[in-house]
Amino acid sequence: MNQEIKYTHENLRYLQMLSHQYPSIEAAATAIINLQAFLNLPKGTEHFMSDLHGEYEAFLHILNNASGAIKEKVDILFSNTLSARERAVLATLIYYTEAKLKEIKEETPPAEMAEWYKITLNRLMEVCRLVASKYTRSKVRAALPAGYEDIIDELLHTNYDALNKEQYYENIISTIIDIDRADEFIIAVSNTIKKLVVDRLHIVGDIFDRGPRPDIIMDSLMQHHRVDIQWGNHDILWMGAAAGSRTCIANVLNNCFTYNNLEVIETGYGISLRPLALFASETYRHSSLDCFMPRVPKEGIYDPKDLEQVARMHKAIAIILFKLEGQTIKRNPSFRMESRLLLDKIQYETGTIEIEGRVYQLKDWDFPTVDKEDPFRLSEEEAEVMSQLRFSFQQSEKLQKHVKFLYSKGGMYLCCNQNLLFHGCIPMEEDGSFTQFDVDGQMLSGKAFIDYTEAVARQGYYARWGTPERQRGKDFLWFLWCGSSSPLFGRGKMATFERLLIGDPELSKEGKNPYYVHNEHEETCLRILKEFGLSGEYSHIVNGHVPVRIKDGENPIKANGRLIVIDGGFCKVYQPQTGIAGYTLIYNSHGIRITSHEPFAGVEDAIQYNKDILSTSVIFETRESRIKIADTDDGAKIREDIADLKELLEAYRTGLIKENHKAR
């Protein structure tokens with residue numbers, strides 16, 4: 001066969017580049033053998049979580065205990081040899097290694113520590129060996145902490161039946177203890193266990209807002225070995241704030257004041273609220289604050305003067321927010337949000353407002369900065385405050401780092417291993433058809449519209465400053481937060497104005513997109529999956545955003561198993577509604593199960609009393625045969641690599657490409 005016909009110029013260039021990595025027939029053949037064997041291993045375990053909302057302690061604990069998987073491994077290995085308490089102590093040691101080590105060393109006589117180390121190191125290696133058993137030796141080695149690869153690798157592949165090596169293995173443990181490296185080694189092995197037990201973590205939106213420290217969650221995600229994020233509307237709001245959108249910044253602050261959560265702003269991201277505090281103290285010194293008092297957790301103890309100052313700042317930013325939202329709506333008629341222009345509807349003589357043809361009495365209409373002739377214009381003082389706040393948000397190194405991570409690891413949706421992950425909804429009409437959006441004269445719906453929203457969201461952060469694309473993108477980030485047709489919001493309106501200033505329960509209802517009615521039906525879910533190129537018996541939609549009220553009998557598994565909603569109330573504010581404290585969806589080589597979590601008592605209790613989060617699992621889909629890597633997206637990529645290597649092998653054998661033995 002004529003080689004010039006068989007290999008295109010581009011193909012040959014690619015094979016030449018590949019030959020630098022595999023410079024000989026032997027190297028290419030070995031890689032093919034290893035990859036082919038890898039395809040037959042069980043697929044790695046995936047965990048799915050959503051709507052974390054800043055509840056960092058509960059999240060970190062579930063991350064540490066792998067949603068109960070580590071305790072399961074400990075019980076499998078030691079249920080017949082260790083008491084329940086001993087197993088709990090060992091599990092807690094893996095979760096909180098350094099803190100638990102310190103406690104144990106304080107409680108254990110020094111003379112007994114060497115024996116404790118020996119026993120514990122052997123038990124930890126058994127756990128590590130079990131969680132590593134379904135991976136290749138090379139993958140496990142890649143997961144080992146630097147400096148400990150050789151020792152842990154040797155101990156993981158211990159064969160105690162080999163009598164000639166039994167003393168050798170025991171001497172490794174003894175030497176680790178004798179040279180005072182036991183603590184470091186225990187930390188290294190525990191971290192390896194946590195790294196191997198979950199191969200991939202999916203966060204299906206809403207890391208930010210409500211809970212105290214979403215920044216701590218972001219720090220931990222940035223350290224995770226393999227994570228992806230599907231943006232939620234609360235995440236996109238912070239992304240807009242980091243991009244410099246004044247409208248998004250005002251919304252972020254409004255949320256923080258609502259829940260009296262200033263720690264994330266001032267401590268987490270180092271953003272000074274002093275300009276706003278000074279402005280609010282002067283402007284709203286004698287103003288009514290009843291509508292703007294923060295929601296305070298029952299267990300908290302707060303100084304009334306502090307709460308009053310938070311309320312004063314809340315009122316200041318809320319009025320600024322309504323003005324900036326009005327400006328954004330007027331700039332973007334394509335958002336179709338004119339019904340949210342409300343400041344110009346207020347009758348100050350009577351303290352009333354007309355909404356949807358009905359007149360309502362306002363609870364507060366003392367707004368000294370609102371110009372009745374031009375109600376959406378910021379006063380000079382308000383504009384200066386927002387200028388300073390925007391500078392602080394854009395200069396926060398930590399916030400910018402976190403938002404860049406959200407952009408690099410995140411997106412509007414993800415198709416992974418036949419599952420479609422997205423936070424909110426696919427916008428629909430009442431008849432179940434996908435909503436059509438006019439985008440520069442082109443009608444987009446379904447996947448095409450979602451792809452468009454992601455492209456514009458990226459412009460809002462990455463387009464050059466001062467360009468129309470940048471302004472359009474920043475405005476669009478706000479639209480994704482609260483627009484009536486936003487796939488991340490999925491409701492008719494963001495009723496902030498109504499909740500704060502009117503309080504009518506019916507008027508404050510936000511209404512859900514028709515998606516949330518139609519997604520109960522299997523045929524709708526199958527149509528959505530097909531829209532995103534997915535099909536087959538084991539395809540699912542994984543959704544967050546809307547809390548599942550399990551206490552009222554609601555089921556997170558819908559549409560005959562095609563839809564799984566995993567917002568179970570991680571956020572404490574939602575737990576009275578849901579009856580639980582969050583879900584983890586677990587997809588391993590045996591199938592899929594969903595685990596519900598009870599509220600977390602706190603890290604101190606977890607360490608001191610070895611208290612775990614109580615979790616209950618429901619298996620709702622099992623496979624007749626174990627799922628292999630060959631059945632996954634990674635498997636598809638590996639088969640492509642094998643095909644390329646086989647082409648390289650043929651090119652070597654036919655002399656089209658020369659081997660380079662020196663490069664080996």
**Student:** Using a strict threshold of under 4.0 Å (side-chain N to carboxylate O), is an ion pair present between Arg639 and Asp631?
**Tutor:** no
**Student:** Determine the sole option in Asp206, Asp567, Asp235 for which the side-chain hydrogen bond (donor to acceptor under 3.5 Å, both in side chains) test with His423 is passed.
**Tutor:** Asp206
**Student:** Between Lys134 and Asp199, does any side-chain N to carboxylate O distance fall below 4.0 Å?
**Tutor:** no
**Student:** Can a salt bridge be assigned to the pair Lys71 and Asp75 using a cut-off of 4.0 Å between side-chain N and carboxylate O?
**Tutor:**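 Yes, charged N to carboxylate O under 4.0 Å.
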**Student:** Does Ala606 offer a backbone N or O that forms a donor-acceptor pair with the side chain of Tyr96 under 3.5 Å?
**Tutor:**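 Not a single qualifying donor-acceptor pair exists.
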**Student:** Could you tell me if the side chain of His597 sits less than 4.5 Å from the side chain of Ile62, heavy atoms only?
**Tutor:**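 In contact.
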**Student:** Count the heavy atoms of every other residue, nucleotide or ligand shown that sit under 6.0 Å from CD of Glu554, and state whether that count exceeds 12.
**Tutor:** yes
**Student:** Do Ile203 and Leu221 touch side chain to side chain, with heavy atoms closer than 4.5 Å?
**Tutor:** yes
**Student:** Which one of Glu55, Glu263, Glu57 satisfies the salt bridge (charged side-chain N to carboxylate O under 4.0 Å, His left out) criterion with Arg213?
**Tutor:**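 Between Arg213 and the candidates, salt bridge (charged side-chain N to carboxylate O under 4.0 Å, His left out) is satisfied uniquely by Glu263.
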**Student:** Between Phe570 and Gln575, is any pair of side-chain heavy atoms under 4.5 Å apart?
**Tutor:**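 No, side chains not in contact.
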**Student:** Using atom types as modelled and distance alone, determine if a side-chain donor or acceptor of Ser50 lies under 3.5 Å from a backbone N or O of Gly544.
**Tutor:**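 Checking the backbone N and O of Gly544 against the side chain of Ser50, no donor-acceptor pair under 3.5 Å is found.
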**Student:** With a 3.5 Å distance limit and no angle check, can you tell me whether Asp605 reaches the backbone of Gly602 through a side-chain donor-acceptor pair?
**Tutor:** no
**Student:** Classify the angle between the aromatic ring planes of Trp231 and Tyr407 as parallel (below 30°), tilted (30 to 60°) or perpendicular (above 60°).
**Tutor:** perpendicular
**Student:** Indicate yes or no: does Lys409 engage Asp228 in a salt bridge with an N to O separation below 4.0 Å.
**Tutor:**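 Looking at Lys409 and Asp228, the cut-off is not met.
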**Student:** So do Lys73 and Val131 actually touch side chain to side chain, heavy atoms under 4.5 Å?
**Tutor:**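 In contact.
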